[in-house]
J.: 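My questions all concern the structure below.
In what follows, every chain begins at residue 1, and chains take the letters A, B, ... in the order their sequences are listed. Side-chain atoms are counted along with the backbone in the values below, which use heavy atoms only and exclude waters and symmetry mates.
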Amino acid sequence: MPHDLPKAYDPSAIEQRWAEYWVREKLFHVETPAQGSTQPTFTITLPPPNVTGRLHMGHMLNQTEMDIVVRWHRMRGFLTMWLPGTDHAGIATQMMVERQLAAEGKNRRDIGREAFIARVWDWREHYGGAILEQMKRLGVSVDWSREYFTMDERMSRAVREAFVRLYEQDLIYRGKYIVNWCPRCITAVSDLEVVHEDTPGKIWEIRYPVVGSKDEYIVVATTRPETMLGDTAVAVNSADERYRHLHGKRVLLPLMNREIPIITDDILANPEFGTGAVKVTPSHDPNDFEAGLRNDLPQIEVMNETAQMNENAGPYQGLDRFGARQKVVEDLEGGGFLVGVKDYVVPLGTCSRCGTIIEPRLSTQWFVKIKPLAERAIEVVQKGEIKFVPENYAKTYFEWMLNIHDWCISRQLWWGHRIPAWHCKECSEIIVSRDTPAKCKKCGGPLEQDNDVLDTWFSSGLLPCSALGWPDDTPDLHAFYPTTLLITGFDILFFWVARMVMMNCHFMRGFKNGDVPFRDVYIHSLVRDAERQKMSKTKGNVVDPIEIIEKYGTDAVRFTLAAMAAPGTDIAFSESRTESYRAFANKIWNAARFLFMNVDRAQQAGLWSLNEFKSSHNKGLPQHGTSYNVLGSGKSGAGLGIQGFQAETLEDRWILSRFNRVAQEIHDALQNYRFHEAAHVVYHFFWGEYCDWYLELIKPRLAADDRGQARAAYNNLIGIFEGALRMLSPFMPFITEELWHAAYDGAPPAKSIALVAYPAADPAQINADAETEMAILQDLIVSVRNIRAELKVEPKQKLPIEIHTGSDIRSLIERNRSAVERLANVDGVAFVEQSLAKAAGARSTARFDVRVIYERKVDVAAERDRLSKELARLTQELTRATGQLNNESFLAKAPANVVEGLKKRRAEVVVLIEKIRAALDELEGGAAAAS
RNA sequence: GGGCGGUUAGCUCAGCUGGUUAGAGCGCCUGCCUUACAAGCAGGAGGUCGCAGGUUCGAGUCCUGCACUGCCCACCA
């Protein structure tokens, strides 16, 4: 029997099965729509994980958010396409394979470029799919048929095309400049790949003797004394009086005994700093490099590619840069050139990949002239064509775009897109071409392709247009470009998001649907550990999502992340929270058990059959891919409210109203990427309203022998449940899929809950009166439970109660008398004329007094305590409310509903205070009498 | 050096455009194995919203200053 569920929910028993089912059945594959299709599309690009990657919590958060939005849109009737892929991750992947080689005692040069690249492909074949397999476990509803890899031939073609076009447009140039150089990776890296960190260091002050003068010298300061070996000038500010008499003279470079000129240059931003004179090393410092060009200075390189001193370093040749530093300082001291050493904090740049200290190095590289691209990228955000959420990220984005430097795109690696440029061996002509040229077009000489590869972000920056077919004019581009949304972390805002905007806007300029790559960018927060520490391997506090999933189930982890994902704040991931959402999954599971148990019983008794439900509810659950109205805007369409619901009782009207209101709230929340709000709302609805109240209220009707009564009850019970499953499905796809199939007895109206309509609010099913009435009943029931707890009544003992109230509420209670009796454990309800405010074992609310009839004495002290506190609170409230209501300008300026509300509340407070005073008097009197 | 954020219950966090009684989960206390669920049920305690001013009829919410704290960006020797 399909309805025979185990008592406790075991995620591991179902998740694997559904994850495989979704992939196998290609449920999330979409065909490219024909041009002119009117179905609105929703497209999102997965930020491609590195092939070397392993799933971490950041991925899981990112993918959970995307999957929620994606499933939600799909269920609302959008043609929804989620584009997956992986990134070849230049340095990272190359390092992996180099490590393998090292284990065999080889390095990449031993086996040669071609063999090495073959090894990388081989590695990717074996290990590169790991992260995608992990993704499948998360239940992500991506279109696997569209999966790409950034080194695929079609992606490579796009890369070549982009490079050639930029080159032809004079936006790519090659030249010898100072770049950030990693001596361990032996490659240039971009500014973004350098991590600056304030590090305690030293600053050395060195004396350079003036040539032709006996004892005059200039003192310069440096944090990198070893570079002095390559100095070619000393610069002073032209306006600096101290050095005016030295203009045009020369100094003798200590240790090297080379004469170098004293130049005037505005390289010194602040002449007040230090000595006002600075050594100039054009080959080893970006500022000095510029100064060198301005002043036509020679460039002397004193280090090689691994940051060891070279032949230009004289006696220091062969030392590494740190050894050289030590030796240089010693020798300066010995020669009497060292004036002083001070502690100094230097913003040391390290390689983001391997942590090695970056060396500014003169080398020939390829650059993208970035400012022209940045202009459009700034404009599209300014004009709102791209919107950031939270919007303050736009500011960070502008800040970076406005101060952008040219992008060094060449890397001295082997794994990556080789630069489509060829050098003539004869005449050194450079040919940039889409296809491999046969010979030099200038002199006919033999050619050799440029050895460098492109920065990984060059290819990912071409997403999403490249994955949709650019440079060809493809149906996919027309159907899905611009994409709707990008969800990613702020850590790759510049690396990736900014580059995508620049490159896509450039290449897609003039495209009929717009040139921007996406309309919205939702930037999510960082997932930290429970102590708010950044997760890092070195700290050893990395939470492995797969481990957590195995412990609590995917749905619980997804729900945790969603519930904590308030925009703009980091997430402190704590297992206790996940534990509570596992409990939530269990709650859903057990609600289903309860339902199915009753349904089976009703079917056997011939009271009701599931077919009745199927026939009334199947209508309007659209099959995927058919065109229908997009839901959620209050328009008619499938998914609106609960169809076939028979609102006969108060609890029916109430739960139906609540369901619709919640549908609206979820819609509003998700529309604004307020995942946490949506999660809380649905959680509270299912647990706090449907389970805690509706199920309890409906129980007697399920057990009734009356066929008519039972039919409506079963119908409604299942109706709301099925609706709630659809509502929960984007957040918890696994358990909802399982139970949804079971609810239909294994014969659901679609292949998956993911392919039926998401609940949308039907205004006609919202009933404010029912919600108010229900609130009063709940208030009454809770009050009675409360009194009973205070009187320490045996849980099983039923007691009579008395109620004092007006006729409307009396009628309401009478109509729902049995519910009150059952849920509050009451045996008989009597309505009395006199106020019960003074009565023992009583509670007063603004709408009613209720008393539990029980002989045991109340705990006078505790009761007095409670009442006094309550009185103090209410008195304070009354003072405030009265003050406001006596205030002319409040009455004049505050909106009418606020004034009305306050008046009403004040009246209530007045009544309550009276009642509490009376109760307290009575208590004092009683206590006095007893003593 | 520039820029951005945070500071609300014992803990982790919500509180959107200022509006009636500041919420949740966990933890804590009391009582319940009530045949859907002990991963549960019922009830409860716990907050002068970092500090000081200001704007407003009204401030956790807006403004200023301060304190503490986190992050991003940065070629000043």
Side-chain angles (χ1 to χ4, degrees), chain A residues 5 7-9 178 191 196 203 220-224 235 267-270 273-280 285-290 344 347 349 360 392-393 395-396 399-400 403 405 490-491 493-494 526 530-532 534 552 556 560 563-564 566-577 579-598 668-669 672 674 676-677 680 683-684 691-692 695 782 785-786 788-790 792 794-796 825 873-874 877 880-881 883-884 887-895 897-906 909:
Chain A
L5 305 180
K7 190 168 167 178
Y9 173 51
I178 296 276
D191 292 348
H196 291 274
I203 188 161
V220 296
T222 180
T223 56
R224 293 190 300 149
I267 184 173
L268 297 124
N270 176 12
F273 185 92
T275 60
V278 63
K279 64 196 258 324
V280 183
D285 182 278
N287 275 322
D288 296 4
F289 173 76
E290 295 294 332
Y344 195 74
N392 56 316
Y393 281 105
K395 196 170 176 180
T396 313
E399 205 67 37
W400 188 75
N403 297 306
H405 299 295
F490 64 81
D491 51 328
L493 183 61
F494 306 135
L526 205 65
E531 275 74 49
R532 303 212 113 263
K534 215 169 177 170
Y552 300 101
T560 307
M564 299 190 78
T569 41
D570 288 347
I571 293 176
F573 187 86
S574 72
E575 281 194 43
S576 74
R577 203 68 186 264
E579 234 172 280
S580 82
Y581 293 121
R582 175 183 61 179
F584 181 47
N586 193 51
K587 189 76 181 176
I588 300 168
W589 187 258
N590 276 288
R593 284 181 65 222
F594 171 75
L595 253 65
F596 298 160
M597 205 177 78
N598 281 285
D668 295 345
N672 295 302
R674 303 182 64 82
H676 70 297
E677 220 167 76
H680 281 129
Y683 175 91
H684 180 257
C691 290
D692 286 353
L695 290 190
V782 169
R785 286 172 178 167
N786 194 305
R788 290 176 54 99
E790 217 152 82
K792 302 201 193 308
E794 278 296 305
K796 281 177 185 152
N825 228 353
R873 197 175 60 80
L874 288 167
E877 198 188 335
R880 210 167 12 182
Q884 277 196 70
N887 187 325
E888 289 295 330
S889 40
F890 170 71
L891 296 177
K893 291 181 185 173
N897 64 322
V898 171
V899 177
E900 271 319 297
L902 192 60
K903 277 184 182 165
K904 219 166 131 190
R905 175 61 192 167
R906 185 174 174 277
V909 170

J.: Taking atom P in both B:A45 and B:A22, compute the distance separating them and give it to the nearest angstrom.
T.: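 B:A45 and B:A22 have their P atoms separated by 14 Å.
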J.: Of A:Q884 and A:A8, whose closest RNA chain B nucleotide lies nearer the 5' terminus?
T.: A:Q884
J.: Please report the distance separating the P of B:G58 from the corresponding atom of B:G15, rounded so that it comes out in whole Å.
T.: 26 Å
J.: Work out how far the C1' atom of B:C26 is from that of B:A9, and round it to whole angstrom.
T.: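 To the nearest whole Å, 12 Å.
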J.: What is the separation between atom CG on A:N887 and atom P on B:C57, rounded to the nearest whole Å?
T.: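 So the CG-P distance, A:N887 to B:C57, works out to 8 Å.
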J.: Output the pairing pattern of RNA chain B as a dot-bracket string, 5' first, Watson-Crick or G-U wobble with both distances under 3.5 Å, | for cross-strand pairs, [ ] for crossing pairs.
T.: (((((((..((((.....[...)))).(((((.......))))).....(((((..]....))))))))))))....
J.: Compare side-chain N and O positions of A:R577 against OP1 and OP2 of B:G25 and report whether any pair is under 4.0 Å apart.
T.: no
J.: Are the side chain of A:R582 and the backbone of A:R577 linked by a donor-acceptor contact shorter than 3.5 Å?
T.: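 Checking the backbone N and O of A:R577 against the side chain of A:R582, no donor-acceptor pair under 3.5 Å is found.
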J.: Quickly work out the A:E794 CD to B:U34 C1' distance and round it to whole Å.
T.: 13 Å
J.: Can you check the distance between B:G2 and B:G65, where both ends of the measurement are the P atom (answer in whole Å)?
T.: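 The same atom, P, in both gives a distance of 14 Å.
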J.: Side-chain N or O of A:K7 versus OP1/OP2 of B:A38: is the shortest distance under 4.0 Å?
T.: yes
J.: Which of these nucleotides, B:C33, B:G3, B:A36, is closest to any side-chain atom of A:R593?
T.: B:A36
J.: Does B:A42 have OP1 or OP2 sitting under 4.0 Å from an N or O in the side chain of A:N786?
T.: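 Answer is no, no contact under 4.0 Å.
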J.: Select one nucleotide: of B:C57, B:U12, B:G25, the one nearest the side-chain heavy atoms of A:M564.
T.: B:U12
J.: A:Y9 and A:N586: which non-hydrogen atoms are nearest, and at how many Å?
T.: N-OD1, 3.0 Å
J.: Less than 4.5 Å apart, any side-chain heavy atom of A:Y552 and any of A:Y581?
T.: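 Of all side-chain heavy-atom pairs linking A:Y581 with A:Y552, none is under 4.5 Å.
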J.: Which heavy atom of A:P795 sits nearest to which heavy atom of A:N825, and what is that distance?
T.: O-ND2, 2.5 Å
J.: Please pick, from B:A14, B:U56, B:U20, the nucleotide with the shortest atom-to-atom distance to any side-chain atom of A:H676.
T.: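 Nearest to the side-chain atoms of A:H676, counting from C-beta on, is B:A14.
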J.: Name the residue closer to the 5' end of RNA chain B, choosing between A:Y9 and A:F494 according to the nucleotide with the nearest heavy atom.
T.: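 The residue closer to the strand's 5' end, by nearest nucleotide, is A:Y9.
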J.: Identify the two heavy atoms, one from A:V909 and one from A:L874, that lie closest to each other, and give their separation to 0.1 Å.
T.: CG1-O, 3.5 Å
J.: If every non-hydrogen atom of A:R224 is compared with every non-hydrogen atom of A:K279, which pair is closest and at what distance?
T.: O-NZ, 4.4 Å
J.: When rounded to the nearest Å, what value does the distance between P atoms of B:C66 and B:C28 take?
T.: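 So the two P atoms sit 43 Å from each other.
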J.: When you check the phosphate oxygens OP1 and OP2 of B:G15, does a side-chain N or O of A:R674 lie under 4.0 Å from one of them?
T.: yes
J.: Does A:H196 put a side-chain nitrogen or oxygen below 4.0 Å from OP1 or OP2 of B:C75?
T.: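 Yes, such a contact exists.
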J.: Roughly how many Å apart are B:U21 and B:G47, using the C1' atom of each and rounding to a whole number?
T.: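 Looking at atom C1' only, B:G47 and B:U21 are 14 Å apart.
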J.: What's the closest nucleotide to the A:V898 side chain, out of B:U20, B:A36, B:G19?
T.: B:G19
J.: Heavy atoms under 4.0 Å, any strand shown: does A:P360 hit a base, just sugar-phosphate, or nothing?
T.: nothing
J.: By the 4.0 Å heavy-atom rule, please label A:L695 as base, sugar-phosphate, or nothing.
T.: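 Result for A:L695 = base.
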J.: Can you tell me how far C1' in B:G46 sits from the matching atom in B:C51, rounded to whole Å?
T.: 23 Å
J.: Evaluate the side-chain proximity of A:E677 to A:H680: yes if any heavy-atom separation is below 4.5 Å, no if none is.
T.: no
J.: Between A:K587 and B:C37, is there a side-chain N or O to OP1/OP2 distance below 4.0 Å?
T.: no
J.: Using the side-chain heavy atoms of A:H680, tell me which of these nucleotides is nearest: B:G31, B:G25, B:A24.
T.: B:A24
J.: For atom P, what is the distance between B:U17 and B:G25, given to the nearest Å?
T.: 24 Å
